[in-house]
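See below for the structure under consideration.
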Amino acid sequence: MATLEEIRGKVGSVLGVSDWVEITQARIDAFADLTEDWQPIHLDVAAGQAAGFDGTVAHGFLTLSMLSVMSYQVLPQMAGESASLNYGFDRIRFIAPVPAGARVRGHFTLAEVTPRSDTGWMLRFDVTVEIEGQQKPALTADWLGLYLF
């Protein structure tokens with residue numbers, strides 16, 4: 001567990017890289033059902049191939065939602081923290097599609113720490129989601145977390 005001062009000293013530093021997460025077709029199908037986004041490129045190999053992919057590809061929002069599990073492995077818990085809240089994103093870019101069966105992982109850099117109130121601090125993370133074996137990342141994002149003390 002780190003102190004707020006220790007975290008503030010890490011601005012500009014890579015906080016870590018998550019474990020790999022496999023984006024299986026079953027996960028893509030379940031996400032489609034939960035979000036009611038049944039676009040064929042996510043569910044039908046022939047449709048994915050007709051769109052220029054090798055097969056089906058994950059929803060961009062599925063890849064984005066995996067940041068939660070990735071962050072639990074990498075982002076610090078701070079001494080005295082009562083809660084950390086997803087405050088949203090200032091920027092998200094979907095760079096490359098994630099093929100069904102691919103593995104992805106998140107790279108987290110602490111970009112900024114600013115006070116929000118007497119008991120809250122906003123942390124900005126630069127996040128890149130890498131696709132195993134590919135040069136282009138799946139996505140990049142500026143993610144905000146509100147930490148309450």
Side-chain angles (χ1 to χ4, degrees), residues 1-39 41-43 48 53-149:
M1 198 157 306
T3 67
L4 179 59
E5 287 307 312
E6 288 170 337
I7 296 301
R8 291 176 71 193
K10 293 185 178 193
V11 170
S13 299
V14 174
L15 297 178
V17 178
S18 75
D19 293 338
W20 291 105
V21 176
E22 187 176 0
I23 306 299
T24 63
Q25 187 62 51
R27 182 171 272 172
I28 293 168
D29 294 347
F31 188 84
D33 288 340
L34 286 171
T35 60
E36 299 184 14
D37 180 353
W38 297 294
Q39 186 182 67
I41 65 169
H42 305 304
L43 306 172
F53 305 116
D54 290 335
T56 59
V57 294
H59 305 73
F61 285 140
L62 168 56
T63 306
L64 182 68
S65 70
M66 299 313 296
L67 290 182
S68 292
V69 70
M70 294 173 188
S71 72
Y72 296 142
Q73 298 170 1
V74 174
L75 299 185
Q77 287 190 318
M78 290 185 268
E81 172 188 328
S82 60
S84 61
L85 307 171
N86 178 358
Y87 198 78
F89 296 87
D90 275 347
R91 185 182 144 282
I92 301 167
R93 295 291 181 266
F94 298 105
I95 309 297
V98 176
R103 296 192 323 161
V104 296
R105 67 180 176 181
H107 297 251
F108 293 79
T109 299
L110 181 60
E112 188 176 27
V113 177
T114 55
R116 291 286 294 184
S117 67
D118 290 342
T119 60
W121 288 79
M122 185 71 67
L123 278 67
R124 177 187 306 275
F125 304 98
D126 290 336
V127 184
T128 300
V129 175
E130 166 189 14
I131 306 168
E132 187 175 39
Q134 294 192 24
Q135 288 187 340
K136 288 185 180 180
L139 66 85
T140 60
D142 293 337
W143 192 11
L144 302 173
L146 180 60
Y147 287 72
L148 304 176
F149 297 88

Could you tell me whether the side chain of T128 and the main chain of H107 form a donor-acceptor pair under 3.5 Å?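 Side chain of T128 to backbone of H107, a donor-acceptor pair under 3.5 Å: no, none is there.
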
Would you confirm whether R27, through its side chain, and E22, through its main-chain N or O, come within 3.5 Å as a donor-acceptor pair?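 It does hold such a pair.
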
Distance (rounded to the nearest 0.5 Å) between [X] [atom1] and [Y] [atom2]:
X    : Y    : atom1 : atom2 : answer
Q77  : Y147 : CD    : OH    : 9.0 Å
H42  : T56  : NE2   : OG1   : 9.5 Å
F31  : E36  : CZ    : CD    : 12.0 Å
E112 : D126 : CD    : CG    : 9.5 Å
I92  : L139 : CD1   : CG    : 8.0 Å
L75  : L123 : CG    : CG    : 8.5 Å

Could you report the tightest heavy-atom contact between [X] and [Y], atom names first, then the distance?
X    : Y    : answer
A58  : L62  : CB-CD2, 4.1 Å
A32  : L43  : CB-CD2, 3.8 Å
A111 : V11  : O-CG1, 3.3 Å
E81  : P76  : OE1-O, 4.3 Å
A96  : K136 : CB-CB, 3.9 Å
I7   : A2   : CD1-CB, 3.7 Å

With side chain to side chain contact (heavy atoms under 4.5 Å, CB included) as the test, would you mind laying out the steps for L144 and F89 before giving the verdict? CA-CA 6 Å; L144 302 173; F89 296 87; over 6 Å; no

Side chain proximity check, [X] to [Y], heavy atoms < 4.5 angstrom:
X    : Y    : value
S18  : M66  : no
L110 : F125 : yes
R8   : W121 : yes
V104 : M70  : yes

I23 and V21: side chain to side chain contact (heavy atoms under 4.5 Å, CB included), yes or no, with the steps? CA-CA 6 Å; I23 306 299; V21 176; 4.3 Å; yes

Give the C-alpha distance, both sets of side-chain angles, the deciding distance and a yes or no for side chain to side chain contact (heavy atoms under 4.5 Å, CB included) between V98 and V57. CA-CA 5 Å; V98 176; V57 294; 6.0 Å; no

[X], [atom1] atom: more than 12 neighbouring heavy atoms under 6.0 Å:
X    : atom1 : answer
D37  : CG    : yes
F53  : CZ    : yes
F149 : CZ    : yes

So W143 and F108, would you call those rings parallel, tilted or perpendicular, with 30° and 60° as cut-offs?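 Geometry flag for F108 against W143: tilted rings.
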
Decide yes or no on side chain to side chain contact (heavy atoms under 4.5 Å, CB included) for L64 and H59, but give the supporting numbers first. CA-CA 9 Å; L64 182 68; H59 305 73; over 6 Å; no

In a check of side-chain hydrogen bond (donor to acceptor under 3.5 Å, both in side chains) between R105 and each of E132, E130, Q73, which one passes?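 Result for side-chain hydrogen bond (donor to acceptor under 3.5 Å, both in side chains) with R105: E130.
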
